[in-house]
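Inspection log for the structure reproduced underneath, given as structure tokens.
Order of the sequence lines sets the chain letters (A, B, ...), proteins ahead of strands, with each chain counted from 1. The structure displayed is predicted, hence computed values, not measured ones.
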Amino acid sequence: MAIGYACIAMGINDGGMRGCMLKNAASTRLDQLIAVNLATLNRQLDYNIRNGISLFRISSDIIPFGSHPVNRNLWWEDHADSLQMLGDKIKSSGMRVSMHPGQYTVLNASDPKVLKNAVADLEYHARFLDALGINTQHKIILHLGGIYGDWQRSIARFEENFQRLSPGVRRRMVIENDEKYDIAKVMEVARELKIPAVFDVFHHQCHPAPGDRDVYYWVEQCRNTWQNDDGVQKIHYSQQEPGLRSGAHARSIKLQPFLDFYYQLPENPLDIMLEVKDKDISALKCILALQPDPPRRLGEPEKSI
DNA sequence: CCGCGTCAAGTTCAT
DNA sequence: ATGAACTTGACGCGG
């Protein structure tokens, strides 16, 4: 069982990725940014290891314009040594990482240009994880995409487009429920494509599937989509931020509701990715709260938290 | 150095 | 058809 966070380490200085504007994305500039970002990833991994965090999402921004034609750098060759070192660190520490393309990566697009971009972006993500030399338990998580006025046809298009992806991408692909496609629909696609489904508890609470099944039912259902090569089942967890629109991720995890949820989960192993603003702070809060004997002393932070 | 306008990408909804 | 929201910070230009 692991609890983790996404992309930015609040507990260290310069804990996130750097980028630049398109007009400044010359080859040398990109190469410098990539070097800086790989060094940042290294510091993030060290920080996670020091603090007992073994689940982490790597930012898609780690390679600026990673799937854009402006970036013609052979970064996976230019930085092969660094990438291998980072992958070795992930493996030797037992950390599990993932990547999560954003709202602009739409695999069920009807516009061929948009689809082409989505495929290129997924190939970029797979190339990065491959360059680390880590196995297919380290996943790429994606939403199903748009509705386009007809969700059934749009799901069919997702399935068709998925089959055209390279085997390397397909082996890492995981799909997740969101405000457009509920967990029941995502589960159907997952079974059809024989890929895992990440159950996003918070999205489900905002946009439940028809019927009155509780979240534990859906955790169990999704569990069956995770095969040996996929690793331990993973779910996403968040809470509503008070005062903001429904669906707005919490600034920080409230411990008691999290514990109430956690202790009603089945006994099976489960990885829980937290999606909150304060990132590793909440991850540490939850991790420490679940330890039977809270430590007297933590790993040395770069910055007090 | 500071402040503020702008930033690759796509879908959806309002006007 | 055009534009804003989504979500949020960071980039980088101009003063």
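Atom CZ in A:Arg29 sits about 12 Å away from atom P in B:dA8, given to the nearest Å. If you take CG of A:Leu244 and P of C:dT8, they are 8 Å apart, rounded to a whole angstrom. Following rounding to the nearest Å, A:Glu275 (CD) and C:dC6 (P) show an atom-to-atom distance of 18 Å. One interatomic measurement links the two molecules: CG of A:Asn24 to P of B:dT6, which rounds to 16 Å at whole-angstrom precision. Following rounding to the nearest Å, A:Leu33 (CG) and B:dA8 (C1') show an atom-to-atom distance of 15 Å.
The partner of C:dA1 is B:dT15, judged by Watson-Crick or G-U wobble contacts that both fall below 3.5 Å. Both distances falling under 3.5 Å, in either a Watson-Crick or a G-U wobble arrangement, occur for no nucleotide opposite B:dA8. The pairing partner recorded for C:dT8 is none, the criterion being a Watson-Crick or G-U wobble arrangement whose two distances lie under 3.5 angstrom.
The same atom, P, is picked in C:dG14 and in B:dA8; the two are 16 Å apart, to the nearest Å. Across C:dG12 and B:dA9, the matching P atoms stand 16 Å from one another, rounded to whole Å. Comparing the P positions of C:dC6 and B:dG3 gives a spacing of 27 Å, expressed to the nearest Å. Taking atom P in both B:dG10 and C:dC11, the straight-line distance is 23 Å, to the nearest Å. Rounded to whole Å, the P atom of C:dG3 lies 14 Å from the corresponding atom of B:dT6.
Electrostatic pairing of A:Glu160 and A:Arg157 does not count as a salt bridge here, judged by no charged N lying under 4.0 Å from a carboxylate O. By the 4.0 Å N-to-carboxylate-O rule, A:Lys254 lies too far from A:Glu241 to be salt-bridged with it. Between A:Asp230 and A:Arg171 there is no salt bridge, since no side-chain nitrogen of the basic residue lies less than 4.0 Å from a carboxylate oxygen of the acidic one. Ion pairing between a basic and an acidic side chain is recognised when a charged N comes within 4.0 Å of a carboxylate O; A:Asp14 and A:Arg43 show no such pairing.
Using a 4.0 Å cut-off, some side-chain N or O of A:Arg18 falls inside it from OP1 or OP2 of C:dC11.
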Item checked: Steps toward side-chain hydrogen bond (donor to acceptor under 3.5 Å, both in side chains) verdict (A:Asp182, A:His207) -> CA-CA 6 Å; A:Asp182 65 44; A:His207 303 276; over 6 Å; no
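Each of A:Ile8 and A:Lys23 has a nearest nucleotide on DNA chain C; the 5'-most of these lies closest to A:Ile8.
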Next item on the list: Using a 4.0 Å cut-off on protein heavy atoms (strictly under), produce a 5'-to-3' string for nucleotides 9-15 of chain B with B for base contact, S for backbone-only sugar-phosphate contact, and - for none.
Entry: BBSS---
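Residue-environment remark: CG (A:Asp260) exceeds the threshold of 12 foreign heavy atoms within 6.0 Å.
Note on ring orientation: taking the six-membered ring where Trp is involved, the planes of A:His68 and A:Phe65 are perpendicular (angle over 60°, cut-offs 30° and 60°).
Residue A:Arg251 is out of contact with every strand shown, counting any heavy-atom pair closer than 4.0 Å. Nucleic acid contact for A:Gly19: sugar-phosphate only, since backbone atoms but no base atoms lie under 4.0 Å from a heavy atom of the residue.
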